[in-house]
Amino acid sequence: MKIFLDTANLDELRKGASWGILDGVTTNPSLIAKEGIPLEEQIRRICDIVDGDISAEVVATKADEMIKEAYSLAKLHPNVVVKVPLTRDGIQTTAKLSKEGIRFNVTLCFSAGQALLAAKAGAYIVSPFVGRLDDISQEGMTLIRDIMTIYGNYGYQTQVLAASLRSPLHVAQAAQAGAHIGTLPFKVLDMLFNHPLTDKGLDQFLKDYTKVFQETPVAG
Ligand code: E4P
């Protein structure tokens, strides 16, 4: 599974990229607003840090305006993937511009039927939101499995990006379900490294080694 960071924060992206396992980035208007830098400028900065797909979301809601925004976002950098919401206008924009080679991430997907529409429109990525479904007491991971089945049935090439992942367990479950991509807040990526037995084991290895090779023997 490809691992993306779900952030527009440059420090988090630099740190994540330094670990050598980062495949891309997703942003949304809320994440961009948090950084206080205009969308296009922040996307350019992100493209300088991470070499991989970078999702940049339109803020227009009508197809004619979305199309203009999509052209201008796609021009920013070859790695930009234009993100549109799963609405009639978003699907219309995706269907029209995918044919011209612009890559789309269709976001805010909450049902398997919606995901079918994204694939039919030629989306490069669809983003089903796991955590936000869990929040309303629906099993978010079931949606990932259902979309994988549907896309497999028909050989759709659209990549399934498990979004709104809130914990290391979500990440492992998304990978088990076969999601092509998981996008993680920095905190979740950082937590993914942790295991108490790794810390305990390393501590013991180093103690054992130091006892023999680095401690001055006590004269007897
Ligand atoms: C995905 O592209 C979204 O930006 C993100 O995963 C949403 O996550 P949240 O539900 O934790 O805000």
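No hydrogens, no waters, no symmetry mates; every other heavy atom, side chains included, goes into these values.
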In Å and rounded to the nearest 0.5 Å, what is the [atom1] to [atom2] distance from [X] to [Y]?
X      : Y      : atom1 : atom2 : result
Ile144 : Gln176 : CD1   : CD    : 13.0 Å
Ser164 : Asp135 : OG    : CG    : 6.5 Å
Ile91  : Met66  : CD1   : CE    : 9.5 Å
Glu35  : Arg45  : CD    : CZ    : 10.0 Å
Asp53  : Asp23  : CG    : CG    : 9.0 Å
His180 : Gln157 : NE2   : CD    : 8.0 Å

- Listed once per pair and sorted, the ring pair (Phe, Tyr, Trp, His ring centres under 6.0 Å) pairs that draw on residues 82-101, sequence neighbours left out: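 Sorted pair list comes back empty.
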query = What's the verdict on side chain to side chain contact (heavy atoms under 4.5 Å, CB included) for Asp208 and Gln204, showing C-alpha distance, side-chain angles and the deciding distance?
reply = CA-CA 6 Å; Asp208 292 344; Gln204 190 63 54; 2.9 Å; yes
Residue pair [X] / [Y]: nearest heavy atoms and the distance that separates them:
X      : Y      : value
Thr7   : Glu12  : OG1-OE1, 2.7 Å
Ile3   : Leu22  : O-CD1, 3.6 Å
Leu143 : Pro128 : CD2-CB, 3.7 Å
Gln114 : Leu108 : OE1-O, 4.1 Å
Ala119 : Thr158 : CA-OG1, 3.4 Å
Val50  : Gly24  : CG1-CA, 4.2 Å

Just so I know, are the side chains of [X] and [Y] near enough to count as touching, which here means a heavy-atom distance under 4.5 Å?
X      : Y      : result
Val25  : Phe4   : no
Glu69  : Val59  : yes
Tyr156 : Leu116 : yes
Ile181 : Ile125 : yes
Val160 : Met148 : yes
Asn28  : Ile32  : no

message = Walk me through whether Ser127 and Thr107 qualify under side-chain hydrogen bond (donor to acceptor under 3.5 Å, both in side chains).
response = CA-CA 5 Å; Ser127 291; Thr107 189; 4.5 Å; no
Would you say [Y] ends up clustered with [X] if hydrophobic residues are merged whenever their side chains have heavy atoms under 4.5 Å apart, either directly or through other cluster members?
X     : Y      : value
Val84 : Leu86  : yes
Val81 : Leu161 : yes
Leu10 : Trp19  : yes

Test your reading of the model: is there a side-chain donor-acceptor pair from Lys83 to the backbone of Thr27, 3.5 Å cut-off?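 Between the backbone of Thr27 and the side chain of Lys83 there is a qualifying donor-acceptor contact (under 3.5 Å).
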For this session: State plainly whether the residues Glu65 and Lys62 are in salt-bridge range, i.e. N to O under 4.0 Å.
Result: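 Looking at Lys62 together with Glu65, the answer is no, because their closest N to O distance does not fall below 4.0 Å.
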Carboxylate-amine/guanidinium contact Asp203 Lys207, below 4.0 Å = yes
Side chains of Tyr71 and Glu100: donor-acceptor distance under 3.5 Å anywhere?
yes
Donor + acceptor pair across side chains of His170, Asp134 (<3.5 Å)
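Side chains of His170 and Asp134: pair found under 3.5 Å.
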>> Let's go through Asp6 and Leu165 carefully: what are the C-alpha distance in whole Å and the side-chain angles of both, what is the deciding distance for side chain to side chain contact (heavy atoms under 4.5 Å, CB included) to 0.1 Å, and is it a yes or a no?
In response: CA-CA 9 Å; Asp6 192 31; Leu165 299 180; over 6 Å; no
Which atom pairs, one a donor and one an acceptor, fall under 3.5 Å between side chains of residues 184-194 and the rest of the protein, sequence neighbours left out?
none

Where do Leu76 and Glu40 land on the side chain to side chain contact (heavy atoms under 4.5 Å, CB included) test, with the steps shown first?
CA-CA 7 Å; Leu76 290 176; Glu40 300 207 345; 3.8 Å; yes
Could you go through Met141 and Arg145, starting from their C-alpha distance and side-chain angles, then the distance that decides it, and tell me whether this counts as side chain to side chain contact (heavy atoms under 4.5 Å, CB included)?
CA-CA 7 Å; Met141 213 51 75; Arg145 287 191 286 271; 3.9 Å; yes
